[in-house]
Number of protein chains: 2
Amino acid sequence: MDTTQVLKGMLDTAVLAALRVHPSYGYDLVRRLRHDGFSDVADASVYGTLRRLHRAGLLASEIVESDAGPPRKYYALNQAGTDELARSAETWQRITSTMNRLLGGEGTR
Amino acid sequence: MDTTQVLKGMLDTAVLAALRVHPSYGYDLVRRLRHDGFSDVADASVYGTLRRLHRAGLLASEIVESDAGPPRKYYALNQAGTDELARSAETWQRITSTMNRLLGGEGTR
DNA sequence: TGTACTACTATGCAGTGTGTAGTACGGGTG
DNA sequence: CACCCGTACTACACACTGCATAGTAGTACA
């Protein structure tokens, strides 16, 4: 299994979940996600995901000055993002149970 | 979360796992995978995955005449496929624990 | 001045699931 | 016989998205 391919589609959910904890910005999310198990995720992937989710209306954004570099673009879940995260969590549950059943090897007929 | 996107990369593992139970052919795998939870998987995806896995040297194939339609192309795991499946199962474990931790909402710092 | 860290943007490529169409065989129905 | 359906596979173009790479720009420190 190639983690790059598995990431496709899961990164959205991972970013939403990370933002549920508290609003954040790209550079910080990259570090947090890498620390949390997505150790190889590319920064461009996270920035791209944030833009896509924002364009889809799931995130609010706000520019905040930083004292350590360029201004940061903070993102936060809005109601649509919260709802989407809840749906994604359910989907994830279904997928894991399906995969665990398959990998467990119970016959499938 | 879009199941189409999540499928990318997981379908390989799902097909390998299904073939571990017993050798099979495309049309049958489509039905089994749909029955087992991948209800929306397209047949072209499964056929494509089988060709890809075969080309990668993970599957043996054999043409078998059928009494109900055209001949079937049976696929079976070889040693490389068995090994790959074991590796994929481990990767899957890591991914699930990472995602469950994120979705569980434990702070990530 | 130069290096490093921070923070984001832009472009093009690669892998893969999907839609659609097509080929081909056999059996049943009218 | 003509037609449709289920079976079984192939082929092509397309869409989506992660990634590599490069670039811009701010602050800090030597």
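Computed from a prediction, not measured in an experiment: that's the story for all the values here.
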My understanding is that only residues two or more places apart in sequence, or in another chain, count here; which of them pass side chain to side chain contact (heavy atoms under 4.5 Å, CB included) with A:Ser39?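 Side chain to side chain contact (heavy atoms under 4.5 Å, CB included) check on A:Ser39 returns nothing, list empty.
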Taking only residues two or more places apart in sequence, or in another chain, which ones meet B:Thr3 in a side chain to side chain contact (heavy atoms under 4.5 Å, CB included)?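 For B:Thr3 the side chain to side chain contact (heavy atoms under 4.5 Å, CB included) partners, ignoring immediate neighbours, are A:Thr91, A:Ile95.
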Give the rounded distance in Å between these two atoms: [atom1] of [X] and [atom2] of [N].
X       : N      : atom1 : atom2 : result
B:Lys8  : C:dA14 : NZ    : C1'   : 11 Å
A:Tyr74 : C:dT6  : OH    : P     : 14 Å
B:Phe38 : C:dG17 : CZ    : P     : 11 Å
A:Gln5  : C:dG15 : CD    : P     : 8 Å

Can you pull the salt bridge (charged side-chain N to carboxylate O under 4.0 Å, His left out) pairs that have at least one residue in [range], sequence neighbours excluded?
range                     : answer
residues 83-95 of chain A : A:Glu84-A:Arg87
residues 3-18 of chain A  : A:Asp12-A:Arg52
residues 54-74 of chain B : none

Results of ring-ring contact (aromatic ring centres under 6.0 Å, His included) for B:Tyr47 - residues two or more places apart only: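 With sequence neighbours excluded, B:Tyr47 shows a ring-ring contact (aromatic ring centres under 6.0 Å, His included) to no residue whatsoever.
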Which residues pass the ring-ring contact (aromatic ring centres under 6.0 Å, His included) test with B:Tyr25, not counting sequence neighbours?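 Checked B:Tyr25 against ring-ring contact (aromatic ring centres under 6.0 Å, His included); matches are B:Tyr74.
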Would you say A:Lys73 reaches C:dT9's phosphate, i.e. side-chain N/O to OP1/OP2 under 4.0 Å?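 Yes, within the criterion.
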Taking 5' to 3' order, which nucleotide of DNA chain D is first and which is last to have an atom within less than 4.0 Å of a heavy atom in chain B?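 Listing 5' to 3', DNA chain D meets chain B from D:dT7 to D:dT17.
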Strand contacts (DNA chain D) in residues 81-97 of chain A, 4.0 angstrom heavy-atom criterion: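 Contacts with DNA chain D under 4.0 Å: none.
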If hydrophobic residues (ILVMFWY) are linked whenever their side-chain heavy atoms come closer than 4.5 Å, directly or via other members, who joins A:Ile63 in its cluster?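 Listed partners: none, A:Ile63 stands alone.
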Quick check on contacts: within residues 47-71 of chain A, what sits under 4.0 Å from DNA chain C by heavy-atom distance?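 Those residues are A:Tyr47, A:Arg51, A:Ser66, A:Ala68, A:Pro70, A:Pro71.
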Side chains of B:Leu50 and B:Leu19, heavy atoms from C-beta outward: is any pair under 4.5 Å?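 In contact.
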With hydrophobic residues grouped by side-chain heavy-atom distances under 4.5 Å, do B:Val6 and A:Leu33 end up in a single group?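 Yes; A:Leu33 is reachable from B:Val6 via cluster members.
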Linking I/L/V/M/F/W/Y whenever any side-chain heavy atoms sit under 4.5 Å apart, do B:Leu85 and B:Met10 land together?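 Cluster IDs for B:Leu85 and B:Met10 match.
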So, for B:Gly37 and A:Thr98, which heavy atoms are closest and what is the spacing to 0.1 Å?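 Minimum heavy-atom contact is CA-OG1, 3.8 Å.
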Does a side-chain N-to-carboxylate-O contact under 4.0 Å join A:Asp28 and A:Arg32?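 Salt bridge: yes.
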With 3.5 Å as the limit, what N/O pairs link the protein to nucleotides 18-20 of chain C?
| residue | atom | partner | partner atom | Å |
| --- | --- | --- | --- | --- |
| C:dT18 | OP2 | B:Ala42 | N | 3.1 |
| C:dT18 | OP2 | B:Ser45 | OG | 2.3 |

